[in-house]
Amino acid sequence: MRPSGQRTLVTGGAGFLGSHLCEALIRRGDQVLCVDNFHTGTRDTIAPLLEHPRFELLQHDVTVPLDVEVDRIFNLACPASPVHYQHDPVRTTRTCVLGAMNLLALAERRRARILQASTSEVYGDPEVHPQPEHYWGRVNPTGLRSCYNEGKRCAETLFFDYHRQYGLEIKVVRIFNTYGPRMYVDDGRVVSNFIIQALRGDPVTVYGDGSQTRSFCYVDDLIDGLLAAMDSPAAFTGPVNIGNPDELSMRGLAERVLRLSGSSSRSVHQPLPPDDPKVRRPDIALARKNLGWQPRVPLDEGLAKTIAYFRALLNA
Ligand code: NAD
Ligand code: UDP
């Protein structure tokens, strides 16, 4: 691979999505600087990259200002699992808001293009379904999920104000539920929980009656979407939804995981967490039109790969 000459910063680069993104950027020929404070990420996720001549790791908290030479910035630093982001909610808001401010200031100083990993959570518990980008959402500002939802909404505001006020080149990508290899065993998100429970022969924990829906995107598709957004013409800022519109209930997901893993576990019901969105499905017309992007990996195929990953990890 010929070096691209591009120096790209990935914050949260040791996380689930960040590690896949760093790998994809290295494959493209970029010089990659991974910044992470290992709050949820680990060195294991990026271990294969550590010896690569175009990969650098900087242990740093994005709530503290940073000055490095970069051409492009992907801002992914933030815990994404509800279990993790609710563990220290004040810290989560600080990471979302101060992190965005510090990276935008860096982008402005370096005249770098910057992409924000935003989230479908900005739509809250939506009354519009599926969710298009022009829907403003229905978010509880004082609940348990608010640290993340409102933190990410404020970050979007900062991105657009930097764009309007300082002419900064921004990309805001609203990521919908993404799954795949390298999710953490203690992550607490539904796909990894169900797979690990199924493989261990433990009860599969469906919260509430399991009728709430989500739409799951395989990690490789998501990374392609992030790269397409970053490479899009300067005039395209987003926000743009990136996700897989194939929607299913959590009861349906439990059945799929049990079938694909060949597990004899049963599902049990546990209380639904507060403010848990009842439905979620991206409208991806904008991504299709402006980025020429759409997901390719069907749920069964992505789940089979993820199950194989966790099977190997748990047997190791
Ligand atoms: P993750 O928890 O696996 O990764 C987040 C990474 O950020 C970790 O490596 C963590 O150590 C690092 N981090 C956290 N706080 C930091 C700080 N203050 N300074 C430096 N590093 C810090 O989560 P993920 O699933 O890889 O998500 C990555 C990004 O994508 C997040 O911003 C998340 O909000 C967004 N996102 C993810 C999903 C999803 O389904 N995975 C959905 C919507 C949005
Ligand atoms: N969920 C579940 N069992 C679990 C973990 C989660 O039924 O063990 C449900 C959760 O209540 C939500 C959906 O699965 O309705 C997705 O949860 P996740 O934490 O993965 O992401 P969210 O989209 O809620 O941020």
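Note that ligands are numbered from 1 as they come in the structure, with each ligand's atoms numbered from 1 the same way.
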Using the ring of each side chain (for Trp, its six-membered ring), is Tyr162 parallel, tilted or perpendicular to Tyr166, with breaks at 30° and 60°?
-> tilted
Which of the atoms in ligand 2, numbered in the order shown and given with their element, are less than 4.0 Å from a heavy-atom of Arg280?
-> 22 (P), 23 (O)
Tyr184, Tyr309: one ILVMFWY side-chain cluster at the under-4.5 Å cut-off?
-> no
Side chain to side chain, Leu9 and Leu103, heavy atoms closer than 4.5 Å | yes
Distance-only side-chain donor-acceptor flag, Ser265 / Gln197, under 3.5 Å | no
Leu248 and Tyr218: same hydrophobic cluster, using ILVMFWY side-chain contacts below 4.5 Å?
-> yes
If you scan protein heavy atoms around atom 18 (P) of ligand 2, the nearest is Val190 N, 3.9 Å
If you round to the nearest 0.5 Å, how far is CZ of Phe216 from CG of Asp221?
-> 14.5 Å
Atom 22 (P) of ligand 2 [closest protein heavy-atom partner, distance rounded to 0.1 Å] = Arg145 NH2, 3.4 Å
Which of the numbered atoms in ligand 2 are below 4.0 angstrom from a heavy atom of Gln212?
-> 9 (C), 11 (O), 15 (O)
Please could you name the atoms of ligand 2 that Gly188 approaches to less than 4.0 Å, counting only its heavy atoms?
-> 5 (C)
Any chance you could lay out the side-chain contact (heavy atoms from CB on, under 4.5 Å) test for Cys22 and Phe55, step after step, and finish with the verdict?
-> CA-CA 8 Å; Cys22 287; Phe55 183 81; 4.0 Å; yes
For the atom pair CD1 (Ile307) and CZ (Phe194), what is the distance rounded to the nearest 0.5 Å?
-> 12.5 Å
Protein heavy-atom partner closest to atom 3 (N) of ligand 2 - residue, atom, separation in Å = Thr205 O, 2.6 Å
So for Arg189 against ligand 2, with non-hydrogen atoms under 4.0 Å, the contacting part is both
One finds that the ligand 2 atoms under 4.0 Å from a non-hydrogen atom of Asn193 are 4 (C), 5 (C), 8 (O)
Atom 19 (O) of ligand 2: of Gly210, Pro82, Ser81, the nearest heavy atom sits on Pro82
OG1-CG distance between Thr40 and Asp187, expressed to the nearest 0.5 angstrom = 8.0 Å
Under 3.5 Å, is there a donor-acceptor pair between the Tyr123 and Asn241 side chains?
-> yes
Near Val206 (heavy-atom distance under 4.0 Å), the atoms of ligand 2 are 7 (O)
Candidates Arg251, Met250, His84, Lys278; heavy atom nearest atom 13 (C) of ligand 2 found on Met250
If you group Ile, Leu, Val, Met, Phe, Trp and Tyr by side-chain heavy-atom gaps below 4.5 Å, do Phe159 and Leu115 land in one group?
-> no
Would you call Gln197 a ligand 2 contact, heavy-atom distance under 4.0 Å?
-> no
Are there more than 12 heavy atoms of other residues, nucleotides or ligands under 6.0 Å from atom CD of Glu69?
-> no
closest protein heavy atom to atom 16 (C) of ligand 2 is Arg214 NE, 3.6 Å
Who are the residue neighbours of ligand 1 when the rule is a heavy atom under 4.0 Å from any of its atoms?
-> Gly12, Ala14, Gly15, Phe16, Leu17, Asp36, Asn37, Phe38, His39, Thr40, Gly41, His60, Asp61, Val62, Leu76, Ala77, Cys78, Pro79, Ala80, Thr95, Ala117, Ser118, Thr119, Tyr148, Lys152, Ile175, Asn177, Thr178, Tyr184, Arg189
Hey, is ligand 2 close enough to Asn177 that some N/O pair sits below 3.5 Å?
-> yes
Measuring from Asn140:CG to Glu150:CD, what's the distance to the nearest 0.5 Å?
-> 8.0 Å
Contacting atoms of ligand 2, where contact means under 4.0 angstrom from a heavy atom of Glu121 = 25 (O)
Nearest-contact summary for atom 10 (C) of ligand 2 - protein heavy atom, Å = Asp276 OD2, 3.3 Å
Compute whether any side-chain donor of one residue and acceptor of the other, for Glu23 and His52, lie under 3.5 angstrom apart.
-> no
Which option, Tyr207, Phe216, Tyr179, Tyr148, owns the non-hydrogen atom nearest atom 2 (C) of ligand 2?
-> Tyr207
Gln270 near ligand 2, heavy-atom distance under 4.0 Å?
-> no
Approximate separation, where rounding is to 0.5 Å, of His20 NE2 and Thr178 OG1 | 10.5 Å
